[in-house]
Amino acid sequence: MSRIRAAYWDPEGDLYGLPTFWWRGAPEGYATRRQLRARGLCPGGQPIAAQILWRGVGGERAAYLYRLDLARPKRTATPAVRAALAKAMRARRTCPTCRHVRPYVIPRSFGECLSCAPSEVAA
C-alpha cells in the first residue's frame with residue numbers, strides 16, 4: 001500500500017470520525033449521491049456513512065458515501081409539476097418585445113431576443 005493510500009485508510013473512523021477510504025477504495029454497499037441518482041435512488045434522509053479522501057487541485061478533497069441498503073427510490077415529478085416547469089421555461093423563452101417564443105432562453109443581459117436587441121449589443 002502506498003503512502004498516499006495509507007494516509008486515507010481509516011475503515012473504523014478513528015482518525016477522521018467517519019470510515020474513510022482512498023480514491024476507488026470504498027467497499028461494496030456504499031455509493032455517492034451521483035451514483036445513487038444513476039441507479040434511481042436517493043439518500044432518503046440517512047446520515048453520511050463514510051467518505052473518500054484524496055489530494056486534488058484545491059487541496060484535500062472529499063466525497064461522501066451513503067449506504068445502498070438504506071437508500072430510497074427517488075421521487076418523480078407529478079404531471080402538475082412538469083406542467084408548471086414547462087410553463088416557466090416557455091416564459092423564459094418568450095421575448096417581451098416581439099412576443100415570439102424562441103428556441104433559446106432570452107438573455108437577461110439583453111432583456112429581449114437576439115433579433116430585437118440592438119445590433120451593437122447582440123454582436
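On a predicted model such as this, the values are computed, not experimentally measured, just so you know. The figures that follow rest on heavy atoms only: side chains count, while hydrogens, waters and symmetry mates do not.
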Scan for side chain to side chain donor-acceptor pair (under 3.5 Å) pairs involving residues 67-80, sequence neighbours excluded, and state none if there are none. R67-D69
Rounding to 0.5 Å, atoms CG (D10) and CG (L18) come to a distance of 9.0 Å
With the side chain counted from C-beta on, respond yes when L68 and E28 share a heavy-atom pair under 4.5 Å apart, and no when they do not. no
May I ask whether V101 and I106 are part of the same hydrophobic cluster, defined by side-chain heavy atoms of I, L, V, M, F, W, Y residues being less than 4.5 angstrom apart, directly or through others? no
Which residues end up grouped with V81 if you chain together Ile, Leu, Val, Met, Phe, Trp and Tyr wherever their side-chain heavy atoms are less than 4.5 Å apart? L85
Do side-chain atoms of Y104 reach the backbone of L114 as a donor and acceptor pair under 3.5 angstrom? yes
Please list, chain by chain and in numerical order, all residues satisfying side-chain contact (heavy atoms from CB on, under 4.5 Å) with P27, sequence neighbours excluded. F21, Y30
For the residue pair C98 and C116, establish whether any side-chain heavy-atom pair is separated by less than 4.5 Å. yes
Applying side-chain hydrogen bond (donor to acceptor under 3.5 Å, both in side chains), name anything that partners E12, two or more places apart in sequence or on another chain. none
Considering non-hydrogen atoms only, spot the tightest contact between I52 and A26 and give its length. CD1-CB, 4.3 Å
Rest of the hydrophobic cluster containing V105 (Ile/Leu/Val/Met/Phe/Trp/Tyr, side-chain heavy atoms under 4.5 Å)? M89
What do you reckon, are the aromatic ring centroids of W54 and W22 less than 6.0 Å apart? no
With sequence neighbours left out, what residues match A88 under side-chain contact (heavy atoms from CB on, under 4.5 Å)? none
Answer yes or no: is there a side-chain heavy-atom contact under 4.5 Å between L65 and I48? no
Report the hydrophobic cluster partners of V57, with the cluster defined as I, L, V, M, F, W, Y residues connected by side-chain heavy atoms closer than 4.5 angstrom, directly or transitively. none
Going by side-chain contact (heavy atoms from CB on, under 4.5 Å), name the residues that satisfy it together with A62, two or more places apart in sequence or in a different chain. Q51, L53, Y64
Can you check whether Y16 reaches Y8 side chain to side chain, under 4.5 Å on heavy atoms? yes
Looking at every non-hydrogen atom in both residues, tell me the closest pair between A71 and Q46 and how far apart they are. N-NE2, 3.7 Å
R33: which residues meet the side-chain contact (heavy atoms from CB on, under 4.5 Å) condition with it, sequence neighbours left out? P43, Y66
Using the side chain to side chain donor-acceptor pair (under 3.5 Å) rule, collect all pairs that involve residues 83-101, keeping only residues at least two apart or in two chains. T97-E112
